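Working notes, beginning with the structure itself.
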Amino acid sequence: MTDESTPTPRPVSLVAVIWIYVLLSLFAYLADRVYARHLPAAPQNEVPEHLSKDMDWKKTPESRKAYMLGLRQQQAEQGSTYGWVDEKAGVVRLPISRAMELVVQENGGAK
């Protein structure tokens with residue numbers, strides 16, 4: 001039981017598919033040449049002006065890399081040693097492995 005009033009869809013010709021591909025490619029090319037080429041430089045690649053003394057590390061990519069390397073080393077050292085975070089409040093810093101052992105002990109281990 002087919003409905004005679006509904007037209008059957010026609011197949012799409014290969015020429016139409018090629019034209020659509022050509023037009024989309026032309027649009028992408030023009031968008032790249034006109035729009036993308038005139039975008040400003042990424043802010044992380046610009047040299048900032050008027051930095052305060054504590055922000056000197058942001059001046060060059062080398063200084064940012066050195067600062068981040070030092071920060072990672074400091075964090076790695078803090079994550080593997082004991083120390084005070086706030087002595088008045090009684091907050092201490094534990095090595096991560098020891099903290100995980102205490103959590104397992106506190107929660108009764110595997111269930």
Side-chain angles (χ1 to χ4, degrees):
M1 297 180 81
T2 60
D3 188 8
E4 304 269 333
S5 63
T6 307
T8 58
R10 293 186 335 189
V12 178
S13 71
L14 181 61
V15 174
V17 171
I18 291 173
W19 269 108
I20 291 171
Y21 178 75
V22 167
L23 290 175
L24 286 174
S25 299
L26 181 65
F27 174 76
Y29 174 76
L30 288 175
D32 180 56
R33 298 296 277 171
V34 173
Y35 177 72
R37 302 291 182 202
H38 300 293
L39 292 176
Q44 67 267 22
N45 296 334
E46 292 180 1
V47 177
E49 298 176 13
H50 311 295
L51 287 175
S52 62
K53 270 297 199 201
D54 60 335
M55 299 299 256
D56 275 346
W57 64 272
K58 287 187 174 185
K59 282 190 177 177
T60 63
E62 293 80 22
S63 64
R64 288 192 293 263
K65 186 176 181 179
Y67 176 79
M68 292 305 292
L69 211 125
L71 188 61
R72 287 187 185 122
Q73 288 174 346
Q74 177 188 2
Q75 289 173 341
E77 185 245 319
Q78 287 177 344
S80 61
T81 59
Y82 292 92
W84 287 105
V85 174
D86 187 359
E87 194 168 355
K88 286 184 181 180
V91 179
V92 296
R93 181 181 67 237
L94 301 174
I96 294 171
S97 58
R98 178 65 181 141
M100 290 185 339
E101 289 171 9
L102 290 173
V103 168
V104 169
Q105 255 181 358
E106 186 178 296
N107 292 322
K111 292 184 179 182

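Numbers here simply count residues along the sequence, with the first being 1. This is a predicted model, so every value here is computed, not measured.
A salt bridge links Arg98 to Glu101: at least one charged side-chain nitrogen sits closer than 4.0 Å to a carboxylate oxygen.
Within a 6.0 Å sphere centred on CD1 of Ile96, other residues, nucleotides and ligands contribute 12 heavy atoms or fewer.
Here the CZ atom belonging to Arg33 is positioned 9.5 Å from the CG atom belonging to Leu30, to the nearest 0.5 angstrom. The line from OG of Ser80 to CZ of Arg93 is 8.5 Å long, rounded to the nearest 0.5 Å.
By the rule that hydrophobic residues join a cluster once side-chain heavy atoms approach within less than 4.5 Å of another member, Leu14 and Val22 end up as members of one cluster.
Clustering of Ile, Leu, Val, Met, Phe, Trp and Tyr side chains at separations under 4.5 Å places Val92 together with Tyr82, Trp84, Leu94, Leu102.
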